[in-house]
Every structure is written in C-alpha cells, then in structure tokens.
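Below: the structure, in structure tokens.
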2 protein chains.
Amino acid sequence: MNDLRIVNHQVTLVDQVEDRLLSYFKENNLGPGDPIPREMELAEALGVGRSVLREALSRLRMLGLIETRTRRGMLLAEPSLLRGMKRIVEPNMLSDKTLFNILGFRVALEIGMSEMIFQNLNKKHIEDLEDIVKRGVVKRYSEYTPVNEYEFHTKLYEITGNSTIMEFQAIIRPVSVFLKEKFQDYFLPINKELSKNGKLVSHKDLLDFLKKGDKEGFRKGMIDHFGPYYSFLKQENHFNIN
Amino acid sequence: MNDLRIVNHQVTLVDQVEDRLLSYFKENNLGPGDPIPREMELAEALGVGRSVLREALSRLRMLGLIETRTRRGMLLAEPSLLRGMKRIVEPNMLSDKTLFNILGFRVALEIGMSEMIFQNLNKKHIEDLEDIVKRGVVKRYSEYTPVNEYEFHTKLYEITGNSTIMEFQAIIRPVSVFLKEKFQDYFLPINKELSKNGKLVSHKDLLDFLKKGDKEGFRKGMIDHFGPYYSFLKQENHFNIN
DNA sequence: TAATATGATTTGTCTTACAAATATAAAATA
DNA sequence: TATTTTATATTTGTAAGACAAATCATATTA
C-alpha cells in the first residue's frame with residue numbers, strides 16, 4: 001500500500017457543521033446584511049463545541065460569506081465568487097491535466113468574449129489598445145515581453161465590462177505563463193516559425209480588426225492568435241475524452 | 001451610520017497564518033503528496049495557538065489543499081479549483097450584478113467552446129445529442145422543460161472534454177435558471193415572439209449545424225440561441241463600464 | 001442636553017484535557 | 001526464527017475554560 005491509495009475522505013464534525021450552516025442560511029432565506037446568531041448560540045443549537053463551530057465559520061469567512069465584528073456579532077455578506085480559487089491557483093499545486101484544462105478554459109472564454117467586446121467597444125478602448133500595441137512593437141519574436149502581452153489581453157477582458165470575467169483572468173493568468181515556460185520547447189519553435197512566415201497574428205492585427213469593426217475577422221484572428229495553444233492542447237490529448 | 005458603511009476588514013491572526021502557510025508551501029516547493037509538519041510543530045513555528053492554526057488549516061482543508069489522517073499527519077493534495085466557488089453560488093447570496101456577470105461569463109464561455117467542440121466531435125456525441133433533442137420536442141414554447149435544456153447544454157460542455165469547464169457549468173447553472181425565472185417578464189415574451197416568427201434557434205437547429213460540420217453556422221446559431229441573454233444583459237446595462 | 005465613565009457582551013486567542021485512530025514497539029505464540 | 005497479538009505512544013478531532021480586545025448599552029457627571 002502506498003500513499004496513492006484512495007483516501008477515505010473522513011467527514012469531520014466541522015464539515016458537517018459547515019454544511020448545516022449553509023443549509024440554515026438557505027432555508028431561512030438569509031442574505032447579505034442579515035445578522036446571524038452569535039457563536040455560543042449556534043454552537044449550542046448545533047450541539048457542538050465552540051472550536052468546531054469556529055472552524056466552520058472560519059471557512060465561510062474566508063469566502064467572504066460571513067463578516068464579523070467584535071461584540072457586534074456576525075453578518076452575512078456577499079461572498080466573493082473566486083476568492084477560494086484565487087488561493088489555490090498555484091501551478092506547483094496543480095496537475096498538468098488541470099493546468100491544461102485551465103488553459104483551454106481561458107482560450108474558450110477569451111474567444112467567446114468577442115461578441116461582448118464589439119458590443120461595448122468605444123474610442124477610448126481603441127486608444128488604450130493602440131497605446132499598448134505601440135509600446136509592444138518589437139523587431140524579433142524573442143523580444144516580446146510577457147508584460148505587454150498581459151496588458152493587451154487584460155484590456156480585452158476589461159472591455160467586456162464584466163468584472164467577474166476580469167477577476168477570473170487575473171487569477172488564471174499565471175497558468176498560461178507557466179505552461180508557456182514549461183513547454184517552451186513546444187511553443188518557441190512554433191511561434192518563431194509563424195513569425196518568420198508572417199503568419200503570426202499579432203496584437204496589431206487584432207487591433208486592426210477592432211478598428212475596422214470586422215467582427216468575423218477579429219474572431220478568426222483570435223483563434224489563430226491562440227493557434228499554438230489549440231495545437232498544444234490537442235497534442236497533449238487533453239481535449240479528448242477517449 | 002448604517003450597516004452599509006465600509007467594513008474595516010480586520011485581519012485576524014487566522015488570516016495571517018493562512019497566508020503564511022500558503023507562502024511556506026510555495027517557498028519550499030511543496031506539492032501534492034508532500035507531508036507537512038504536525039499541528040503543534042506548525043503552531044510553535046508560527047508562534048500561535050493550536051486553535052488559530054487549526055482554523056487556518058481547516059480553510060485549506062476545505063479547498064482540498066490539505067488532507068489529514070489521524071496519527072498519520074497531514075499531506076498536501078491537489079486542491080479543487082472550484083470547490084470554494086461551489087459553496088457560495090447561491091442566487092440568494094449574490095447581488096444582481098454578480099449574477100449578471102456570471103450569466104455573461106457563461107454565454108461567452110459556451111460560445112467560445114465552439115472551436116473545441118468541432119475538434120472533438122464524434123458520432124457518439126451526435127447520437128447522444130439527437131436523443132436529447134428528440135426527447136425535447138415540444139409543440140409550444142411554454143412546454144420546454146428546463147431539464148431537457150440542461151441536458152443539451154451539458155452535453156455540449158461534455159464534448160469539450162474539459163472537466164474543469166464541465167464542473168464550472170454545473171456550478172453556475174442555477175444562476176441562469178434563477179435569472180430566467182426572476183426576469184421572466186423579460187424572457188417569456190421575447191422567446192414567445194421569436195418562437196412565433198420561427199426565429200428561435202432551437203437545439204435541433206444547433207444539432208443540424210453540428211451534423212453538417214458547419215462551424216460558422218453553429219457559432220452564429222449559438223449567438224442567436226443566446227440572443228435573449230445578450231439583449232437582457234445589454235438592457236440591464238451590465239455590459240458597459242460607463 | 002451632551003460628554004464621559006462604567007459595566008456587560010461578543011469575538012479572538014491561548015491553554016488544557018480527553019477521545020479516537022493508528023504507527024511503532026514489545027510480547028506472545030507457532 | 002517468523003508471525004501474530006498486545007501494548008504503548010503519538011497525532012488529529014473535539015470540548016471546555018479562561019482571558020484580552022473591542023464596543024454596545026447604561027449610568028454618571030458637567
């Protein structure tokens with residue numbers, strides 16, 4: 001027997017209390033701003049010690065679901081959708097499979113945003129993008145800076161006006177960077193080749209589509225821009241179920 | 001002063017310990033499978049009581065980052081990307097703005113998946129979708145069942161072969177259902193009108209595009225299929241930053 | 001009335017204690 | 001000797017008590 005055996009995930013009292021608290025909030029239709037009973041009251045009602053209750057509360061506090069102020073008691077608050085995710089997106093902690101999934105997720109999301117981008121696009125956005133592109137002009141592919149790459153794509157997310165999407169991309173960004181670095185033997189040659197043949201869809205190309213209002217062109221450009229990612233994921237066999 | 005005043009988010013010892021634990025794992029390059037010191041050792045090293053340490057550990061346990069077995073000590077494990085999110089996606093707990101953001105997120109993701117779907121599509125997928133569509137045939141729009149709606153879209157997610165995307169959609173699904181219900185005064189008339197004019201892009205239409213291998217048609221069909229969502233979000237002014 | 005001081009309450013933290021589980025060592029048996 | 005059984009020690013899970021810090025509510029004073 002080694003450590004890879006299936007861990008019989010023991011359900012502790014804390015786990016149960018956490019669930020029961022969530023059920024309690026839901027069943028009583030409690031939402032942000034509503035006060036909840038104090039610790040001792042909850043502990044007694046649930047028949048557990050204060051320490052167990054506090055561990056469960058601590059979990060929910062981490063997610064922003066509960067806010068506490070000494071002596072004033074506890075309130076429900078609007079939780080942060082992605083705060084839990086934020087803590088654990090750490091390439092070292094995640095399997096390659098998960099990292100590939102995240103990369104695929106990102107690519108799909110970013111391409112799917114095209115519609116929203118064209119709905120919201122205004123002159124200021126264009127100007128900002130032009131500035132970013134100008135600052136990112138390089139002679140050789142190898143001179144590309146990740147920072148400029150980041151700025152451009154972040155701006156695209158920003159144009160959607162969807163703060164959840166923006167937060168999401170900020171969290172998962174390290175994954176793309178990590179994978180590109182870890183598998184540079186795959187990406188570098190491909191990108192150099194594309195660059196040499198003039199087939200690399202640059203940020204400038206994408207911006208031109210935006211300026212022309214060419215939605216179709218933009219979308220296809222984005223797909224080509226992400227071409228190396230697509231082929232990478234396909235090759236890694238992490239697109240296919242079978 | 002009311003309760004809406006800005007809460008001066010007090011940083012507790014538990015918060016700090018949580019951060020320090022994460023930093024410790026990262027700095028020591030610890031990953032899934034690696035053992036970590038026992039509670040008392042950690043507590044002493046961090047200069048805090050066992051209860052504080054346990055609250056912090058409990059948070060990380062919730063995310064799947066730490067697994068514990070009595071007497072055997074603690075191990076790091078691959079965390080679940082979305083477990084934190086799963087607990088708090090509860091329409092009652094989230095503001096409309098967040099719900100709108102989630103809906104927009106979903107729509108973008110699902111449309112962006114088209115590329116992957118065509119990369120992976122096989123006969124079995126088509127057969128499954130045909131079965132779902134067949135079972136979903138209705139005479140009037142009002143007879144549509146949410147279950148069938150769910151099955152179809154879930155199948156699309158499944159075809160991507162990306163388990164993270166699938167998990168994500170399963171978590172955020174209640175949001176679409178909730179919004180469609182809450183704002184039925186908006187959605188029902190629109191859908192009935194589209195249905196009457198034969199302009200509603202049905203699941204059958206989408207499936208036909210897939211069968212024909214018509215990527216462009218499929219994508220446009222998806223956009224139209226989500227048309228009411230787009231117009232809803234636009235109207236709610238939750239696409240625009242300004 | 002308004003400002004200040006006092007007391008009470010609630011969360012944050014530490015400590016001690018014990019139960020449950022199990023790895024390790026010791027003892028008993030074949 | 002090898003194997004099984006028993007006993008011991010260790011580690012996490014849970015409970016309870018104690019006190020500090022913060023602050024709400026009340027009483028006191030200017």
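To find a chain, count down the sequence lines: A is the first, B the second, and so on, and within it residues start at 1.
We find that CZ of A:R54 is positioned 8 Å from P of C:dT11, with the value rounded to whole Å. Between the P atom of C:dC14 and the CE atom of B:M40 lies a distance of 11 Å, rounded to the nearest Å. Atom pair B:E67:CD and D:dT11:C1' shows a separation of 17 Å (rounding to whole Å applied). Rounded to an integer number of Å, the gap from CD of B:E55 to P of D:dT12 is 17 Å. For the pair B:R69 CZ and C:dT22 P, the computed distance is 7 Å after rounding to whole Å. If you measure from atom CG of A:L57 to atom P of C:dT10, you get 15 Å, rounded to the nearest angstrom. Following rounding to the nearest Å, A:R38 (CZ) and C:dA8 (P) show an atom-to-atom distance of 16 Å. Spacing between atom CG of A:L42 and atom P of C:dT10 amounts to 12 Å, rounded to whole angstrom units.
Pairing each heavy atom of A:S58 with each of B:R59, the nearest pair is OG-NE, 2.7 Å.
Between B:F183 and B:F100, the ring planes are tilted. Angles from 30° to 60° get that label.
Look at A:E55 and B:R54 and you find a salt bridge, because one of the NZ, NE, NH1 or NH2 atoms lies within 4.0 Å of a carboxylate O, short of that distance.
Using a 4.0 Å cut-off, some side-chain N or O of B:R61 falls inside it from OP1 or OP2 of D:dG13.
Between A:L53 and A:L46, the closest side-chain pair of non-hydrogen atoms falls below 4.5 Å.
The side chain of B:E39 has D:dT12 as its nearest neighbour among C:dC14, D:dA15, D:dT12.
Nearer to the 5' terminus of DNA chain C, by closest-nucleotide assignment, is the contact made by B:L53 (compared with the other of B:R50 and B:L53). Sequence order on DNA chain D of the closest nucleotides to B:M74 and A:R71 puts B:M74 first from the 5' end.
When heavy atoms are screened at a 4.0 angstrom cut-off, B:S51 is found touching base atoms of the nucleic acid.
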